[in-house]
Amino acid sequence: MGLGQAVGVGSVGSHQADPRAGWFEYGVTIGADHRRKGYAAEAVVMLLRFMFAEQRYHKCEARVFAHNEASLALHHRIGFVEEGRLRDRVFLAGRHRDLVVVGMFADEFAQRHSISEPARPAVGG
């Protein structure tokens, strides 16, 4: 790979929000070659920190495929709580799949994670 070429690892972002009610929903996708390296957790915590501390949202929700054990485990490690299951909600790979709804409140996030971003070491230092 040459200098200046970008490498796509994945994406994270809020795709639905109700600022008045104080909740948002987000999604995260990490490319197969980059999974299980901590990128998803780092990206999700960074997004949550921004949405809770800077944007002042009260609650975050995410929907995770019930068969995606790695993603469910990630969300539980971050501090999300399972709030419900949407049965046969999505048709994928020739069959219906359940979605698990997980949620976290801003105060729950603050109890587990620093609300301000930790300092990063200087480049080259």
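Quick note: numbers below take in every heavy atom, side chains included, and nothing from hydrogens, waters or symmetry partners. None of these values were measured; they are calculated from a predicted model.
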I'd like to know if [Y] and [X] are part of one continuous hydrophobic network [Ile/Leu/Val/Met/Phe/Trp/Tyr, side-chain heavy atoms within less than 4.5 Å].
X	Y	answer
F65	V12	no
L47	M104	yes
V90	L86	yes
L74	V101	no
V28	L72	yes

Tested for side-chain contact (heavy atoms from CB on, under 4.5 Å) against C60, the lone hit among F105, F80, W23 is F80

| request: Check whether any side-chain heavy atom of H75 lies under 4.5 Å from a side-chain heavy atom of I78, and answer yes or no. | output: no

Side chains of L48 and F24 in contact at under 4.5 Å (non-hydrogen atoms):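 In contact.
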
Over 12 non-hydrogen atoms of neighbours within 6.0 angstrom of CZ in R97 = yes

Inset, instruction - Please check if any side-chain donor atom of R49 sits under 3.5 Å from a side-chain acceptor atom of H113, or the reverse. - result: no

Heavy-atom closest contact ([X] atom, [Y] atom, distance):
X	Y	result
H15	G27	CD2-N, 3.6 Å
R112	H76	NH2-O, 4.0 Å
A17	S14	CB-OG, 4.4 Å
A70	R36	CB-NH2, 3.5 Å

Only residue of H67, R87, R85 satisfying side chain to side chain donor-acceptor pair (under 3.5 Å) with D98 is R85

When rounded to the nearest 0.5 Å, the distance separating NZ of K37 from CD of E42 is 13.5 Å

Rounded to the nearest 0.5 angstrom, the OH-CD distance for Y26 and E61 is 11.5 Å

Across all chains, not counting sequence neighbours, the side-chain hydrogen bond (donor to acceptor under 3.5 Å, both in side chains) partners of E83 are K59

Short question: side chain of R56, backbone of A53 - any donor-acceptor pair under 3.5 Å?
-> yes

